[in-house]
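Working notes for the structure below.
Protein chains get the first letters and strands the later ones, always in sequence-line order, with residue 1 at the start of each. Quantities reported herein were computed from a predicted structural model and do not represent experimental measurements.
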Amino acid sequence: MFYDFKKIEKKWQKVWLDSHAFAAEISPTRKKYYLLEMFPYPSGKIHMGHVRNYTIGDVASRFKVLEGYNVMHPMGFDAFGQPAENAAIKNKTKPDIWTHKCIKEMEVELKKMGFSYDWEREFSTCDSDYYKWNQWIFLKMFERGLAYKKASAVNWCSSCQTTLANEEVVDGGCWRCHTKVEQKDLEQWYLKITEYKERLLEDLGQLKQWPERVLAMQSNWIGKSSGVDIYFRLKASDKVISVFTTRVDTIFGATYIVLAPEHPLVKELIKGRPEEKEVLHFMDKVSKESKLVRTSSDVKKEGVFTGSYAINPVNNEEVPVWVADYVLMEYGTGAIMAVPTHDQRDFLFAREHKLPMRLVIQPPAVNRQQPTDDMTEAYEGDGIQVNSGQFDGLSNSEGKIKIAEWMEQKEIGKIQTHWRLRDWLISRQRYWGTPIPIIYCPKCGVVPVAYKDLPVELPKDAPFTGDGGSPLGKVKDFIQASCPKCSGPARRETDTMATFFDSSWYFLRFCSPKYNSAAFDVQEAKYWMRVDQYIGGIEHAILHLLYSRFFTKFFQDLKMVDFSEPFEKLLTQGMVLKDGQVMSKSKGNIVDPDSMIKDYGADSLRLFILFAAPPETELEWDQRGLEGAFKFLSRVWRIQENLKDKADGALVRIMHKTIKKVSVDFSEFKFNTAIASLMELTNAIYQLGADKEVFLNLVIMLSPIAPHFSEELWQILGNKESIFKAAWPAYNPKLLIEENVELVIQINGKLRSKLQVPRGISEDELKELVFKDDKLAVWLGSKQPKRFIVVPQKLVNIVV
RNA sequence: GGGCAAGUGGUGGAAUGGCAUACACGACAGACUUAAAAUCUGUUGGCCGCAAGGUCGUAAGGGUUCGACUCCCUUCUUGCCCACCA
């Protein structure tokens, strides 16, 4: 009987589905385990990235099942979003119909991989049963002032005809279509994520089981920076320019200050002055530059003098006020003090415009007091304060503290923290998303939709062509509403929510997907949350994870959850490459999982993808590797035909060693080495011959990786119940201890011999044995050993 | 410019202070076969040597250590993230 994967896989997929084999329920007696992979956008076809992500999750999940945990392993679809609109236009259909067709196809593909999902919990974010709760959450945020509308310059993608969050701008382009992002003044909806900035930063410390890399990216993104706001009074008026610096120790070297071109004081400063025309011209020029050009670091810094002077509050010196493009209005106070001697950008600018410099931090071991023409670059390191009044002689790190305190005392500065994180822009001028539940009443103004009127259903028949403007604005029945407050005629909000809103809390919805009184059932969430293991791509390291952390903290404040972080442990799986490049349609190097399943079976595909690389690293696709996986399974399959009555003692020993190794490796997600030891066990079986017990243990250990295959063998060997009702094998520690150990003998750290010695041999006995060894005598000669180092059960090193 | 990660045979990778290259792919040889495929059994880092064995070898250089792929320093390369961030 050969390994007929087609028949076997079909058979067990049906059994698992029909018996709801992986449906999860609260059980007060069993320990729960919530395993979640990032849910997919339903494009219709799964790709190798999905296969890898979900295979890793499935093995972890099935392993936990075998270990006896009460496992919840759900799956759903992140179904709103622009591609469905584009596809619908292209295929002359509707996003709704298109998306549901894609979901159906994708379900089939996921089922063909044999993933152990609890399909009872499945939902799509485009179901009104789901997005109703998006609206509910939005209203809760609105009530607390966390959702608000404001006019400001926003990122605009002209190709997608919609706004973008800061997080969605990548290298100055749209994260989805790479079109250059423009700035546009628009009234938009924001979520006040900045209100949670301290907690979002601080709680990163709780995430001990997240990759360092992701923590660093999140912390960079939040961008806390501590320093001092310093007040420069203008010479000609009593107006004050506030500048932010992290290097207050260099304040005595501030020889000019620079405003961002958008700074509100600029126009006032230049009014009626001879410089007015030139400055206005400069401001106009900068405003036309895209952010991409302006922020690229190799562009020369340009600026103009305003004609005004300000007073440096620490020494009452007059310093000129400039306007330059390298100062950004969005960061800090939109104004800086320039210290050319100790900041490279200031240095280049000062040299270009012949502005004065003064050294205030003396670099160690350099005998130079004045700055100076021979400086070729700014000195940004540590040193001793000079030219700094009463602070001379302090180290600059002391100076930083003392000067800040002194300035606060004299009320010429304030210790201050600035953040990079901005509020989250969530409104989109698109159709296929959750309608924002707001009504504009001519009398009452901005009024939230009443909870009882949720959901605000997305009309099925919006005329959208992709030519811009919000499609919902063209649906008369939708726009017309009555004001929830005064019942008068009113107009409905036509923007929809960014889809990242949908995915910021779906992990909570999985706990009670059909719950109908709130976004989720607090009791169910109490049992299942937090997510014990979350698995997904590194591309979500900032956006999705940051937003999900924010929502969780919001629910904590609503007292709906009693924790502040949603994901206990995070694994970011590496990309799947072919010929050294990421698989992508445009590169034409896609390998279609479906055809691989057809040729080799889902189990072989799963095995290969786990064996070829550790989960976190990139994986190079190798067709021969997949064939190898199939051959290995076939090799294991054939063992059943040659089982002995009793296995050799040596083999039993190897089996126990393998159980230990595989157990540890599985819990640490080291699937590649787990598989290697299963292969070693298989090789040993081919040498020594196995009995039924050894073979069944091998099959159980393979079952998380190749579930259909193992289930079939389990049944063939006479078991009635599913293999996933079996217990994970235990190893006998006594069998791992061998009587004789092989010791490596080194001389001066070089391997010279090996000795079989009894376990627990004394050092003196060992010495005697070692000096009897002929091989070593050659090396030792007549030399007297200086040291004799013994690492028990491992090695001896003789130093001569 | 800043931060983080990585660099090991022909290839994917293993070893995180103690036998470098486990396991696999590929290659080569043998068995089976009329033959091929499949399968099974070997060999497979470089150099020297008939062999026993020796010697070099984990990006480069230095250091710590009885002992370093592993720890520390310097440099190079690659990848990722952030970035005129004050």
- Query: OP1 or OP2 of B:C40 less than 4.0 angstrom from a side-chain nitrogen or oxygen of A:R635, does that happen here?
  - Reply: yes
- Task: In whole angstrom, give the distance that lies between atom CD1 of A:I685 and atom P of B:C40.
- Result: 13 Å
- A:R247 and A:N396, any side-chain heavy atoms less than 4.5 Å apart: yes
- Is any side-chain nitrogen or oxygen of A:R638 closer than 4.0 Å to OP1 or OP2 of B:C40? yes
- When rounded to the nearest Å, what value does the distance between C1' atoms of B:U75 and B:C81 take? 23 Å
- Message: Any side-chain N or O of A:R787 below 4.0 angstrom from OP1/OP2 of B:C66?
- Response: yes
- Pair partner, B:C66 [Watson-Crick or wobble, under 3.5 Å]: B:G18
- Task: Look at all strands and tell whether A:Q623 reaches a base, only sugar-phosphate, or nothing, counting heavy atoms closer than 4.0 Å.
- Result: nothing
- Task: Look at all strands and tell whether A:E618 reaches a base, only sugar-phosphate, or nothing, counting heavy atoms closer than 4.0 Å.
- Result: sugar-phosphate
- Tell whether A:N797 reaches the base of B:C66 with its side chain through a donor-acceptor pair below 3.5 angstrom. yes
- Message: By the rule that syn is within 90° of 0, classify the base conformation of B:G26 as syn or anti.
- Response: anti
- Message: Using the C1' atom as the point on both nucleotides, what is the distance between B:C32 and B:U41, in whole Å?
- Response: 11 Å
- Query: Where does the angle between the aromatic ring planes of A:Y331 and A:F244 fall among parallel (under 30°), tilted (30 to 60°) and perpendicular (over 60°)?
  - Reply: perpendicular
- Task: Please figure out whether A:A676 or A:M217 has its closest RNA chain B nucleotide nearer the 5' end.
- Result: A:A676
- When you get a sec, tell me which of B:C19, B:A86, B:A83 is the closest nucleotide to the side chain of A:Y331? B:A86
- Query: Side-chain N or O of A:R345 less than 4.0 angstrom from OP1 or OP2 on B:C85?
  - Reply: yes
- Whole angstrom is fine here: how far is it from NZ in A:K670 over to C1' in B:G13? 14 Å
- Distance, rounded to the nearest Å, where A:K631 contributes NZ and B:A37 contributes C1': 10 Å
- Selected nucleotide, minimal atom distance to A:V791 side chain, candidates B:C25, B:G18, B:A24: B:G18
- Reckon A:V799 touches a base, only the sugar-phosphate, or nothing at all at heavy-atom distances under 4.0 Å? sugar-phosphate
- Note on the structure: Among B:G13, B:A86, B:C19, the one nearest any side-chain atom of A:V327 is B:A86
- Query: Once you round it to whole Å, what is the distance between P of B:C81 and CG of A:L543?
  - Reply: 12 Å
- Query: Would you call the rings of A:Y3 and A:F709 parallel, tilted or perpendicular, where under 30° means parallel and over 60° means perpendicular?
  - Reply: perpendicular
- Message: Mind checking if A:A216 touches a base, just sugar-phosphate, or nothing, with heavy atoms under 4.0 Å?
- Response: nothing
- Examine B:C56: is either OP1 or OP2 under 4.0 Å from a nitrogen or oxygen in the side chain of A:K750? Give yes or no. yes
- A:R213 has a side chain; which of B:C4, B:A83, B:G18 sits nearest to it? B:C4
- When you get a sec, tell me which of B:C19, B:U39, B:G18 is the closest nucleotide to the side chain of A:L795? B:G18
- When you compare B:U21 with B:G57, how far apart are their C1' atoms, in angstrom units rounded to a whole number? 11 Å
- B:A59 and B:G54: how far apart are their C1' atoms, nearest whole angstrom? 27 Å
- Message: Rounding to an integer number of Å, can you tell me how far A:M575 CE sits from B:A5 C1'?
- Response: 14 Å
- Task: I would like to know whether A:D343 and A:Y379 meet side-chain hydrogen bond (donor to acceptor under 3.5 Å, both in side chains); could you show each step before the answer?
- Result: CA-CA 7 Å; A:D343 181 285; A:Y379 175 70; over 6 Å; no
- Message: Using whole Å, what does the distance between atom P of nucleotide B:G2 and atom CD of A:E380 come to?
- Response: 9 Å
- Message: Say we look at B:A68 and B:A15: how far apart would their C1' atoms be, to the nearest angstrom?
- Response: 13 Å
- Under 3.5 Å on both distances, the Watson-Crick or G-U partner of B:U44: B:G26
- Message: Any donor-acceptor pair, under 3.5 Å, between the side chain of A:K754 and the base of B:C19, if you only look at N and O atoms?
- Response: yes
- Item | Backbone N/O of A:W637 and side chain of A:Q640: donor-acceptor pair under 3.5 Å | yes
- Aromatic plane relationship, A:F567 with A:H544 - under 30° parallel, 30 to 60° tilted, over 60° perpendicular: tilted
- Using the P atom on both, measure B:C72 against B:C4 and round to a whole Å. 12 Å
- Message: What's the closest nucleotide to the side chain of A:Q687 if the choices are B:G42, B:C82, B:C25?
- Response: B:G42
- Less than 6.0 Å separating the ring centroids of A:F632 and A:F611? no
- Below 4.5 Å, heavy atoms only, C-beta onward: do A:I403 and A:Q385 meet side chain to side chain? yes
- Task: For the pair A:F349 and A:W322, name the ring-plane relationship: parallel under 30°, tilted 30 to 60°, perpendicular over 60°.
- Result: perpendicular
- Message: Looking at A:R420, I'd like to know whether one of its side-chain N or O atoms comes within less than 4.0 Å of OP1 or OP2 on B:A83.
- Response: yes
- Message: Distance check, P atoms only: B:U78 and B:U8, in whole angstrom units.
- Response: 14 Å
- Task: Nearest whole angstrom, please: distance from the P of B:A24 to the CG of A:L633.
- Result: 13 Å
- Query: Who is the Watson-Crick or G-U wobble partner of B:A5, with both distances under 3.5 Å?
  - Reply: B:U78
- For B:A24, take OP1 and OP2 only and decide whether either is under 4.0 Å from a side-chain N or O of A:N683. yes
- Query: Under 4.0 angstrom, heavy atoms only, what part of the nucleic acid is A:R624 near: base, sugar-phosphate, or nothing?
  - Reply: sugar-phosphate
- Task: Using heavy atoms to find the nearest nucleotide of RNA chain B for A:S634 and A:F611 separately, return the residue whose nucleotide is more 5′.
- Result: A:F611
- Query: In Watson-Crick or G-U wobble terms, both distances under 3.5 Å, what is the partner of B:A31?
  - Reply: B:U39
- Is there a side-chain polar atom (N or O) of A:N672 under 4.0 Å from OP1 or OP2 of B:A14? yes
- Could you measure between the two C1' atoms, the one in B:A22 and the one in B:U16, and give it in whole Å? 15 Å
- Task: Tell me what A:E680 touches on the nucleic acid: a base, only sugar-phosphate, or nothing, going by heavy atoms under 4.0 Å.
- Result: sugar-phosphate
- Message: Rounding to an integer number of Å, can you tell me how far A:L215 CG sits from B:C81 P?
- Response: 17 Å
